[in-house]
Amino acid sequence: MSAAASALEPTPVVSSEPHPVNGYRAFRLGSFKFERDEYFAHIGWIGHNGKAMSHSLDAGDFLRALMRDLAWGFFYGWVNFDDVIGTLNHYGTVDLFAGTYNGNFKQAGVDLLENFPTEQIRATFLEMIQDWTNAGFDPFAAPQETGSPFGRKNGNNNAAINRVRELATRCVGLDGDLPLRSDARGAPINRAFRDVPQDEPEIHAEPGFEKEVHAFNLFAFLSRSQVTWNPSFTSVVKYSFMCPTTEEHKLPIIHGNDRVEWFFQMCDEIHWDCGDKNTGAPMARVIMKAGDMAAMPAYCRHQGFSPKRSMLLVWENGSPNIVYEIQQGAAPEVPVEF
Ligand SMILES: [Fe+2]
């Protein structure tokens, strides 16, 4: 392992030379080791009881999860790559853990959690996904819309990895804000949404309010999403973030909430597995069909399965204080009490 630092890279990324046969570099972050081969990502660590541990994930599953963790800036709360490995965002630092939120690993004492400055884990994950993603594999795309993640190292797909998340300041389509999606902007209608009307609403604003009164066709906007499980911000009012997204196949991570999150199923359906965020113990199975709404309480983790491409509106409370208010008991873990 060697640490390569430069003036532009204040946090050195620790990695090996490329493997002589499969071509991938190995990475180290704190005492965690990351290696990939033709089919799998392997993570190694020493459990807090002193036992040497290893854990393997399908390389495609690992890269899809890694992509979300990076693109979402470590997101709200927990990003579990699976039942063992994941990150917890402290908004300035990030925990990387193995088994810490798995009841059985925890009980056996083979878990490990280490905390890193956000920039250090981000830089390491970014180099890892750039090195481990082959040409033709897009970790943001639905499995039917991309090539294979497997095999020996074969080029890269940095264009896909470095997509910028679409974040409106006020509302999509407003003057000076994020523009609407179009063929010309490289956003054709997805194969699953060819029947979605593309007409836009008529807006008749009073003189002087032309840049304030606004509306757009959200279904048309979503029909042109090129990625899956990657919420964009379409409207922002103080800390109320409307984050619609298109979903297909499975959510590549298991999201553990540090606040309440609302879901509105806009079309088709998603099946959710919900569990205890600390142990992973199953709690509920939620089948959401078009028009259904649900809220994920702050004590749960959840993973969605979308049998065909569907539209989901995720409503996030982006307050920087809400997570601490919940921890202190000043705000509830549930959206409503009956
Ligand atoms: Fe979530």
Side-chain angles (χ1 to χ4, degrees), residues 61 64-83 85-91 94-95 97 101-102 139-140 142 165-167 222 225 227-236 239-289 292-307 309-320 322-323 326-327 331-336:
D61 290 348
R64 290 184 181 102
L66 189 62
M67 185 75 266
R68 289 357 181 247
D69 212 10
L70 273 167
W72 302 345
F74 302 97
F75 208 36
Y76 298 119
W78 287 254
V79 173
N80 298 283
F81 286 30
D82 65 359
D83 292 333
I85 302 294
T87 60
L88 170 56
N89 197 353
H90 296 291
Y91 311 99
V94 175
D95 292 340
F97 59 80
Y101 301 97
N102 176 308
F140 267 128
R165 196 173 166 205
E166 295 180 289
L167 304 176
L222 285 175
S225 170
V227 295
T228 59
W229 308 100
N230 190 38
S232 56
F233 289 3
T234 52
S235 76
V236 176
Y239 295 133
S240 171
F241 300 161
M242 290 296 175
C243 311
T245 158
T246 54
E247 322 293 46
E248 183 173 334
H249 191 236
K250 64 181 179 183
L251 174 57
I253 61 136
I254 308 166
H255 179 212
N257 292 83
D258 66 6
R259 66 196 69 201
V260 174
E261 178 181 37
W262 284 86
F263 293 154
F264 169 38
Q265 188 70 40
M266 291 174 59
C267 75
D268 300 286
E269 65 184 64
I270 297 179
H271 304 187
W272 293 96
D273 279 347
C274 305
D276 181 281
K277 76 175 177 186
N278 289 310
T279 65
M283 296 185 82
R285 177 100 171 134
V286 179
I287 313 292
M288 294 188 70
K289 300 192 175 182
D292 286 347
M293 294 195 75
M296 295 291 145
Y299 53 72
C300 88
R301 65 171 67 172
H302 53 273
Q303 182 174 32
F305 300 83
S306 187
R309 205 176 190 88
S310 70
M311 297 181 179
L312 177 70
L313 178 62
V314 181
W315 181 25
E316 296 282 5
N317 181 338
S319 165
I322 188 77
V323 55
I326 289 172
Q327 284 169 9
E333 288 185 303
V334 295
V336 60

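Just so you know, ligand 1 is whichever comes first in the structure, and atom 1 is the first atom listed for that ligand.
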For this session: Indicate whether any N or O donor in one side chain lies under 3.5 Å from an N or O acceptor in the other, for Thr246 and Glu248.
Result: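 No, no side-chain donor-acceptor pair sits under 3.5 Å.
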Problem set entry | salt bridge (charged side-chain N to carboxylate O under 4.0 Å, His left out) evaluation trace for Asp276 with Arg301 | CA-CA 6 Å; Asp276 181 281; Arg301 65 171 67 172; over 6 Å; no
Exercise. Do you know the tightest heavy-atom contact between Arg259 and Asn317?
Worked result: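 Smallest interatomic distance, heavy atoms only, reads NH1-O, 2.7 Å.
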Problem set entry | Protein N, O or S within less than 2.8 Å of the Fe ion (ligand 1), waters excluded |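 As for protein N, O or S atoms lying under 2.8 Å from the Fe ion (ligand 1), they are His255 ND1, Glu261 OE1, Glu261 OE2, His302 NE2.
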Exercise. Is Arg165 reaching over with its side chain to a backbone N or O of Gly73, donor-acceptor style, under 3.5 angstrom?
Worked result: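 Not at all, since once roles are kept as given, no pair shorter than 3.5 Å links the two residues.
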Exercise. So His302 and Phe263, would you call those rings parallel, tilted or perpendicular, with 30° and 60° as cut-offs?
Worked result: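 His302 vs Phe263 ring planes: perpendicular.
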Exercise. Applying the ring pair (Phe, Tyr, Trp, His ring centres under 6.0 Å) test to His255, which of Phe74, Trp72, Phe75 qualifies?
Worked result: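 Testing His255 for a ring pair (Phe, Tyr, Trp, His ring centres under 6.0 Å) against Phe74, Trp72, Phe75 leaves exactly one candidate, Phe75.
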